[in-house]
Amino acid sequence: MTTTLQTIHDVPVLMCAAEGVSIGGESDALDLIGDAGYQGAAWVVVPVERFDERFFRLSTRVAGDIIQKFVQYRVGLAVVGDISRYTAASSALADFVRECNRNRQTWFLADVGELRERLKG
């Protein structure tokens, strides 16, 4: 998995490349969390393209399982990219995204610029 460690407003962030192994379950989340811990990252940024399609269907519980692992290990997760096609098809997902974005643990963001803004304060 291609990752780089960046510091954004004094916050260590593990940036995942858009290309790579699909993230589709708890074991994939644990791999990212382990990598983040090893590199000292407080947040992991994962492009939308990296997630298995099931992540965006709440009925599969894939998103819940993955996000729960990040919460459990106290590592922030930022899902970065356009998910409008998924939220347009599911009001439940749109509500879930809105709720996540109100908190400080998991964010669904359009781009890394939005992450920079959120990490400012």
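The model shown is predicted, which means the values in this text are computed figures rather than measured ones.
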Excluding sequence neighbours, so at least two apart, what forms side-chain hydrogen bond (donor to acceptor under 3.5 Å, both in side chains) with R85?
E53
Could you pull out all residues at least two apart from Y86 that satisfy ring-ring contact (aromatic ring centres under 6.0 Å, His included)?
F56
Is there a side chain to side chain contact (heavy atoms under 4.5 Å, CB included) between D82 and V48 once you walk through the steps?
CA-CA 7 Å; D82 181 12; V48 169; over 6 Å; no
Hey, are the side chains of F96 and T106 touching, using non-hydrogen atoms and a 4.5 Å cut-off?
no
Would the distance check show the side chain of D35 and the main-chain N or O of D31 forming a donor-acceptor pair, the cut-off being under 3.5 Å?
no
Residues at least two apart in sequence or cross-chain that pass side-chain hydrogen bond (donor to acceptor under 3.5 Å, both in side chains) with D111, listed by chain then number, are none
With a 3.5 Å cut-off and sequence neighbours excluded, list the donor-acceptor pairs that the side chains of residues 61-73 form with protein atoms.
{"residue": "K69", "atom": "NZ", "partner": "Q72", "partner atom": "OE1", "Å": "3.3"}

With sequence neighbours excluded, give me every salt bridge (Lys or Arg N to Asp or Glu O under 4.0 Å) pair touching residues 86-103.
D95-R98, E99-R102
E117: partners by side-chain hydrogen bond (donor to acceptor under 3.5 Å, both in side chains), with sequence neighbours left out:
K120
Minimum side-chain heavy-atom gap L14-V45 below 4.5 Å
no
Sidechain-backbone polar pair: R116 side chain, I8 backbone, donor-acceptor under 3.5 Å:
no
Does any non-hydrogen side-chain atom of L32 lie less than 4.5 Å from one of V46?
yes
Which atom names give the shortest non-hydrogen contact between R50 and A17, and what distance separates them?
NH1-O, 2.8 Å
Across all chains, not counting sequence neighbours, the salt bridge (Lys or Arg N to Asp or Glu O under 4.0 Å) partners of E19 are none
Would you check, one step at a time, whether the test side chain to side chain contact (heavy atoms under 4.5 Å, CB included) holds for V79 with F55?
CA-CA 11 Å; V79 178; F55 180 86; 4.3 Å; yes
How far apart are the closest heavy atoms of V112 and M15, and which atoms are they?
CG2-CE, 3.7 Å
Going by salt bridge (Lys or Arg N to Asp or Glu O under 4.0 Å), name the residues that satisfy it together with D52, two or more places apart in sequence or in a different chain.
R54
Determine whether L93 and I23 fall in the same hydrophobic cluster, where Ile, Leu, Val, Met, Phe, Trp and Tyr are linked whenever their side-chain heavy atoms lie under 4.5 Å apart.
yes
Just grab all the ring-ring contact (aromatic ring centres under 6.0 Å, His included) pairs involving residues 4-42, residues at least two apart or on different chains.
none
Test C16 against V44 for side chain to side chain contact (heavy atoms under 4.5 Å, CB included), laying out the working first.
CA-CA 7 Å; C16 296; V44 176; 4.0 Å; yes
Walk me through whether W107 and L77 qualify under side chain to side chain contact (heavy atoms under 4.5 Å, CB included).
CA-CA 6 Å; W107 294 331; L77 172 63; over 6 Å; no
Which residues pass the salt bridge (Lys or Arg N to Asp or Glu O under 4.0 Å) test with R74, sequence neighbours left out?
none
On a heavy-atom basis, which atom in A42 and which in V11 lie closest, and how many Å separate them?
CB-CG1, 4.2 Å
With a cut-off of 6.0 Å (strictly less than), are more than 12 heavy atoms of other residues, nucleotides or ligands near CG of D10?
no
Can you list everything that forms a side-chain hydrogen bond (donor to acceptor under 3.5 Å, both in side chains) with E26? Sequence neighbours excluded, please.
none
Among residues at least two apart in sequence or on other chains, which ones pass side-chain contact (heavy atoms from CB on, under 4.5 Å) with S27?
none
Determine whether L119 and V75 fall in the same hydrophobic cluster, where Ile, Leu, Val, Met, Phe, Trp and Tyr are linked whenever their side-chain heavy atoms lie under 4.5 Å apart.
no
Considering only heavy atoms from C-beta outward, does the side chain of T87 approach that of F108 to under 4.5 Å?
no
